[in-house]
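Below is one structure, written out as structure tokens; comments come after it.
Keep in mind the model is a prediction, meaning the values are calculated, not measured. In what follows, every chain begins at residue 1, and chains take the letters A, B, ... in the order their sequences are listed.
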Number of protein chains: 2
Amino acid sequence: MEVERIELLNGVEDHHGGVVVNFDVQEPMDSMLFSSKLEASISNWRKQGKKGVWIKLPLHHANLVDSAVKSGFRYHHAEPDYLMLVRWISDTPDTIPANASHRIGVGAFVLNNYKEVLVVQESSGKFGGTGVWKMPTGAVNEGEDICDAAVREVKEETGIETKFVEVLAFRESHKSFFEKSDLFFLCMLQAQSFDIQNQASEIDAAQWMSLEDYAAQPFMQDNELFDFTTKICFSKLGGNYTGFSNVRTSTSSGKKTYLYFNNRDASHLLASQQEQP
Amino acid sequence: MEVERIELLNGVEDHHGGVVVNFDVQEPMDSMLFSSKLEASISNWRKQGKKGVWIKLPLHHANLVDSAVKSGFRYHHAEPDYLMLVRWISDTPDTIPANASHRIGVGAFVLNNYKEVLVVQESSGKFGGTGVWKMPTGAVNEGEDICDAAVREVKEETGIETKFVEVLAFRESHKSFFEKSDLFFLCMLQAQSFDIQNQASEIDAAQWMSLEDYAAQPFMQDNELFDFTTKICFSKLGGNYTGFSNVRTSTSSGKKTYLYFNNRDASHLLASQQEQP
């Protein structure tokens, strides 16, 4: 009698009774061979009582996606260079968590020593060619903190160095990008340099402007959300507004994290706490 | 001479000079035929000056993923039932925006009329079986507002009806779920009902507890982040803390949105503004 021996896929156990297969083989693989390995591996993991099985397939193994789907896998999330598939192989209820749901944007209210605001004219997008002066805005990169993203965007768009002060307000909107939602944080930053160097291709012009002139633009007055945020900036300029500043602390799993809160009202919390880099 | 006629793919123009193909054909399609259609369509779109081409492939067309990748497409994002691929076909710089980067969580600080806090014991996860009393927490669903998610989670876990008051603080952490980041909003809610009905399978027990007893749990004292948030809750309970409350407004594209800000410091903004449902 002949016995066929099938090499199993390499899986790493996760903390939730599941297995993660990081399929980082460089060589192409035949989809029939992959199917056999996958079926044998699932049978083995099921015997071990595993629940969720994750397969991370790099782009160059796109020929194996169909095999995984035929074996009962569904998509979970994707990035430019890989697709993550998942299958629940236990009889217990499926507790696979949802995918990332939000993109995070930042806007920067940057003040110089003359209480002028840093504004830009965008070369494309909704505001391209409109002549509207707006605050620098941009998207938070993967793994980047909100406070750092605001400083980076200002530097990229205007060459100005800044220091993060606080989040003045934020708004949430939905279906802003296919089915995904969007959280936008209006951040106040203090300028550390003053000579504008327009470096980014998406910016036509940048300048310092009084908040009055900024607010007087017809677009700002006609738009409820812009009008609100401008009023918040005026309150801040007048010294009558406190947003959320940040403190470096640790989560229960020991991970470093920024907590954003009203530090004026709760400054005693920080009395025994040194801010860490 | 014979001329082969290839039916092109149906694409809908987006607002950025691109095309979106929602490939919602029910019948299976041969991957060779799909490749031909795709190549012919790309050639056509390129002539039209299109830039980004998006293809949304439902799970049941997984056999076409490899063809799209071989035609130069990369992955953009995925949900359980579809994969979104993208290719930049213009000579201009690729400006395809990034995928959603964050999952959003909420925690609920719910007070009753006796200034007691609503707490639960979780049956699984990190706190399962530890006996720790913690505030109800959960993930925001796709398209759901933060304020609504907090109310829903409390209802699901304890049966208690609540009204959203404000965001007390938030924290950001990274690589919390594969490469994705996490934003967690601590929300204060006012209880509108008081009889606890433990309904969710993930909850072992729920009760009202004094904030002092909650804070005295060893876990809370040993953990810097929990200690901070508890202190913020004490400040709130003492009437000395203002978080961000929300107002319904509209974005520049006319979309309804919640703006969260310090309403105590900027209440004059709302003087002429009626809160809308």
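No side-chain donor-acceptor contact under 3.5 Å links A:K180 to the backbone of B:N99. In terms of modelled atom types and a separation under 3.5 Å, the side chain of A:Y241 and the main chain of B:N262 share a donor-acceptor contact. Judged purely by atom type and a 3.5 angstrom limit, B:E172 uses its side chain to pair as donor or acceptor with the backbone of A:I146. Side chain of B:K70 to backbone of A:A62: no donor-acceptor contact under 3.5 angstrom is found.
B:H174 and A:K255 make their closest contact through O-NZ, 3.1 Å (heavy atoms, listed as atom of the first residue, atom of the second, distance). B:L225 and A:S250 get closest at one heavy-atom pair: CB-O, 3.0 Å. The two residues B:A169 and A:F244 have their closest heavy-atom pair at CA-CE1, 4.0 Å. In terms of heavy-atom proximity, A:F177 sits nearest to B:A98 at CE2-O, 4.0 Å. A pairwise comparison of heavy atoms in B:L259 and A:F228 identifies CD2-CB, 3.7 Å as the closest pair.
With chain B as partner, the option from A:P97, A:S181, A:A139 having the largest number of non-hydrogen pairs under 4.5 angstrom is A:P97. Between chain A and the residues B:D222, B:V65, B:N141, the largest count of heavy-atom pairs under 4.5 Å involves B:V65. Contact count versus chain A (heavy atoms, under 4.5 Å) is highest, among B:S176, B:G143, B:S67, for B:G143. With chain A as the partner, the residue from B:L183, B:L85, B:T95, B:D182 showing the most heavy-atom pairs under 4.5 Å is B:L183. Interface remark: of the candidates A:K175, A:H60, A:E144, A:E144 forms the most heavy-atom pairs closer than 4.5 Å to chain B. Most heavy-atom pairs under 4.5 Å with chain A, from the set B:P93, B:P80, B:S235, B:S101: that is B:P80. Most heavy-atom pairs under 4.5 Å with chain A, from the set B:Y82, B:F234, B:F219, B:F226: that is B:Y82. Options B:K126, B:K56, B:H16, B:E202 differ in how many heavy-atom pairs under 4.5 Å they form with chain A, and the most are formed by B:K126.
In A:D91, the CG atom is not crowded: 12 or fewer heavy atoms of neighbouring residues, nucleotides or ligands sit closer than 6.0 Å.
Taking the six-membered ring for Trp and the full ring otherwise, B:H77 and A:F178 have centroids separated by under 6.0 Å. With ring centers used as reference points, A:F185 lies under 6.0 Å from B:F170.
Both the backbone and the side chain of B:S173 have a heavy atom closer than 4.5 Å to some heavy atom of chain A. For B:N223, the part sitting under 4.5 Å from any heavy atom of chain A is the side chain, from C-beta outward, and nothing else. When heavy atoms are compared at a cutoff of 4.5 Å, A:L168 approaches chain B solely by way of its backbone atoms N, CA, C and O. Using a 4.5 Å cut-off between heavy atoms, B:V167 touches chain A through backbone and side chain atoms alike. Both the backbone and the side chain of A:D145 come within less than 4.5 Å of a heavy atom in chain B. B:T242 touches chain A through backbone and side chain together, each having a heavy atom under 4.5 Å away.
Here B:T249 contributes atom OG1 and A:D227 contributes atom CG; the two are 8.5 Å apart, rounded to the nearest 0.5 Å. The CZ atom of A:R171 sits 14.5 Å away from the CG atom of B:N246 when rounded to the nearest 0.5 Å. Annotation: the span from A:F261 atom CZ to B:L186 atom CG amounts to 12.0 Å, rounded to 0.5 Å. Separation of atoms CG (A:D66) and CG (B:L59) is listed at 9.5 Å; rounding is to 0.5 Å.
Ionic pairing of A:R264 and B:D265 is present here: one or more N-O contacts between side-chain nitrogen and carboxylate oxygen are shorter than 4.0 angstrom. Looking at B:K256 and A:E224, no side-chain N of the basic residue comes within less than 4.0 Å of a carboxylate O on the acidic one, giving no salt bridge.
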Would you check, one step at a time, whether the test side-chain contact (heavy atoms from CB on, under 4.5 Å) holds for A:E79 with B:E179? CA-CA 10 Å; A:E79 293 297 327; B:E179 296 303 309; over 6 Å; no
